[in-house]
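Below, chains carry the letters A, B, ... as their sequence lines are ordered, and counting in each starts from 1. FYI, side chains are in, hydrogens and waters are out, and symmetry mates aren't considered; it's all heavy atoms of this structure.
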Amino acid sequence: MNKTATRKRSFQQDFSLLALLLIPIGVAINFVGFQLAQVLRLPIFLDVIGTILVGVIAGPWVGLLTGLITNSITAIFNPVYFPYVVVSMAIGVAAGLLSKAGLLRTLPKAILSGLVITAVAVVISAPITVIFFGGATGNTSSAITATFLATGQTIWQAVFSSTIITEIADKVISVLIVFFIVRSISDRYLSKMKYGEQYMKRNRRK
Amino acid sequence: MATNAIRALHPMTKFTFALFVTAAVIAVPSYLFAYAMFAALLVIAAAAGVLREFFAFVLKTLVVLLIIVFLMQLLFYPGDDIIGGWWVFTLTQEGLAYGLLLTSRILAIGSAFILFFRITEVKDFVKALENMGLPPAGAYVVLSTLQIIPEMRRQSNVIMDAQKTRGVETEGSVLVRAKAFLPTLTPLILSAIASTEERAITLESRAFSAPVNKTSLHTLERRPIDTGLIALFTIGAVALIVWRVAVWIL
């Protein structure tokens with residue numbers, strides 16, 4: 001079998017029926033996580049937990065699709081923020097690749113993964129904020145952006161700074177939540193997922 | 001079946017129209033044009049019988065954003081042509097112009113898609129995508145997601161109440177409230193994941209993964225008027241973009 005055929009087959013294997021059925025769950029976790037953060041009046045969004053979780057156990061492509069569907073469904077009710085779909089998709093891919101590299105196996109590595117995902121989110125979302133919305137999107141980070149602008153920073157500096165401030169806690173905590181949740185998923189289920197094996201209890205103990 | 005002439009159009013016709021509005025307001029660099037486009041959308045919404053709903057959605061999702069975006073440009077956009085000052089800020093002509101242009105575009109594009117989803121059933125839109133080549137499994141994923149979200153929201157409330165009964169505190173300092181997050185989310189996720197195995201068996205027993213053509217109970221009708229309108233919108237959008245690029249280069 002030649003190389004492209006192998007790759008195509010592995011791509012199809014990524015989308016096993018169980019992986020497909022995980023996508024709606026991932027999307028719903030994103031919505032519920034956000035709702036829960038609102039109900040508990042937490043100062044962070046926690047709206048990408050599902051995308052990260054799916055990426056971590058089912059791989060980058062399934063994670064990408066989870067991000068895409070999450071933002072598409074948000075768009076039904078509020079299409080204005082649809083450009084940020086690219087951020088969600090990138091977070092799903094990044095989570096998958098980090099998991100593949102084994103960077104979610106231990107707590108310190110998971111924190112590192114959280115920082116990588118923060119970097120991905122900032123690098124992609126800041127240009128969207130500047131180009132599509134002129135730097136303001138109407139949430140708390142707009143006030144921070146305005147403060148930076150008032151101190152004489154350019155729009156790019158101001159948006160990058162405020163995005164880093166609002167994203168870093170959110171994304172690192174989201175990754176940590178995923179880290180803990182993956183550890184409590186049953187071995188039986190993990191064994192059926194693409195990257196699940198490394199998180200199984202009997203494989204965790206060295 | 002929708003009796004309204006606009007709502008009875010094929011989902012792709014309506015979607016092409018939303019894309020046409022997007023292309024048009026980006027191609028024509030005039031805020032008056034983009035605001036006029038919004039007025040046109042209001043007329044279409046009225047004709048489709050969804051004016052009240054459409055207007056409520058625009059108010060709810062766009063107005064605050066537009067005000068903030070506008071103020072941001074007015075106060076901070078770099079420019080030399082000063083038209084006034086307020087407190088520590090200087091207001092420039094460039095800031096005013098860019099603020100008006102940017103907000104008019106966000107308003108026109110945002111409301112075009114708000115209108116699209118008010119006059120189109122999501123089920124129909126997904127079916128239209130399926131007809132265009134989206135795998136049936138993909139369509140199933142999207143539609144089942146829409147059902148699972150409210151279900152899991154309800155369940156999360158139930159779990160939270162159950163945890164409160166057990167003594168998990170949901171009021172108090174940020175740290176106390178944050179501690180209630182995992183005990184609510186973890187059981188929800190674990191039970192949802194367990195349910196996917198059952199769902200997989202159910203689907204397989206109905207030949208979900210069988211490599212055959214699927215029959216759908218839900219079909220869409222594509223009439224000549226749809227083909228005509230799609231062609232019209234596409235040509236219109238392309239013409240505007242070509243015109244814009246031509247003006248830009250020459």
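Contacts with chain A were tallied for B:F116, B:F76, B:F125; B:F76 has the most, counting heavy-atom pairs under 4.5 Å. Note: A:A150 leads A:G135, A:A150, A:S72, A:G26 in heavy-atom pairs under 4.5 Å with chain B. The candidate with the highest count of non-hydrogen atom pairs below 4.5 Å against chain B, out of A:P43, A:G50, A:G33, is A:G33. The candidate from A:L46, A:I44, A:N30, A:T145 with the greatest count of non-hydrogen atom pairs under 4.5 Å with chain B is A:L46. Note on B:N157, B:L71, B:T196: by heavy-atom pairs under 4.5 Å with chain A, the leading option is B:T196. When B:L62, B:L102, B:T186 are compared by the number of non-hydrogen pairs under 4.5 Å with chain A, B:L102 comes out ahead. Considering only heavy-atom pairs separated by less than 4.5 Å from chain B, the leading option among A:N78, A:I69, A:T154 is A:N78.
The closest side-chain heavy-atom distance from B:F181 to A:I49 is below 4.5 Å. Here the side chains of A:I181 and B:L182 are in contact, with some heavy-atom distance below 4.5 Å. In this structure the side chain of B:M152 reaches within 4.5 angstrom of the side chain of A:I29, judged on heavy atoms. Within the 4.5 Å cutoff, the side chain of A:Y81 has heavy atoms near those of the B:L65 side chain. A:L21 places a side-chain heavy atom less than 4.5 Å from the side chain of B:Y140. Taking 4.5 Å as the limit, some side-chain heavy atom of B:I106 sits within range of a side-chain heavy atom of A:F133.
Using a 4.5 Å cut-off between heavy atoms, A:L53 touches chain B through its side chain atoms alone. Only the side chain of A:I73 comes within contact range of chain B, with at least one heavy atom under 4.5 Å from a heavy atom of that chain. For chain A, the nearby part of B:Q73 is the side chain; its heavy atoms alone come within less than 4.5 Å. Looking at A:F132, only its backbone comes within 4.5 Å of chain B, counting heavy atoms on both sides. With a threshold of 4.5 angstrom between heavy atoms, B:L188 approaches chain A through side-chain atoms but not through N, CA, C or O. With a threshold of 4.5 angstrom between heavy atoms, A:L18 approaches chain B through side-chain atoms but not through N, CA, C or O. Heavy atoms closer than 4.5 Å to chain B are found nowhere in A:L68, neither backbone nor side chain. Within the 4.5 angstrom heavy-atom criterion, no atom of A:S186 approaches chain B. Neither the backbone nor the side chain of A:A158 comes within contact range of chain B; no heavy atom of the residue lies under 4.5 Å from a heavy atom of that chain. Both the backbone and the side chain of A:L149 have a heavy atom closer than 4.5 Å to some heavy atom of chain B. With a 4.5 angstrom heavy-atom cutoff, B:R105 does not touch chain A via any of its atoms. At a 4.5 Å heavy-atom cutoff, the contact between B:E171 and chain A is made by side-chain atoms alone. Both the backbone and the side chain of B:F113 come within contact range of chain A, judged by heavy atoms closer than 4.5 Å. Using a 4.5 Å cut-off between heavy atoms, B:V122 touches chain A through its side chain atoms alone.
Closest approach of A:F77 and B:F57 over heavy atoms only: O-CE2, 3.4 Å. Considering every non-hydrogen atom in both A:L20 and B:A137, the closest pair reads CD1-CB, 3.8 Å. Across all their heavy atoms, A:V80 and B:G110 have their closest contact at CG2-CA, 4.4 Å. Of all heavy-atom pairs spanning A:V32 and B:S156, the tightest one is CG1-CB, 3.6 Å.
Atoms CG and CD1, from B:L146 and A:I76 in turn, are 5.0 Å apart once rounded to the nearest 0.5 Å. If you take CG on A:L17 and CG on B:L203, they are separated by 6.0 Å, rounding to the nearest 0.5 Å. To the nearest 0.5 Å, atoms CE (B:M72) and CD1 (A:I155) are separated by 5.5 Å. Of the inter-residue distances, the one linking A:Y189 atom OH with B:I193 atom CD1 reads 5.0 Å to the nearest 0.5 angstrom.
A 6.0 Å sphere centred on OH of B:Y31 holds no more than 12 heavy atoms belonging to other residues, nucleotides or ligands. Within 6.0 Å of CD on B:E169 lie no more than 12 heavy atoms contributed by other residues, nucleotides or ligands. The number of heavy-atom neighbours closer than 6.0 Å to CD of B:E204, taken from other residues, nucleotides and ligands shown, is above 12. Heavy-atom neighbours of A:K192 NZ from other residues, nucleotides or ligands within 6.0 Å: above the threshold of 12.
Residue A:V27 is tested with B:I148, B:V141, B:I149 for a side-chain contact (heavy atoms from CB on, under 4.5 Å); the sole match is B:I149.
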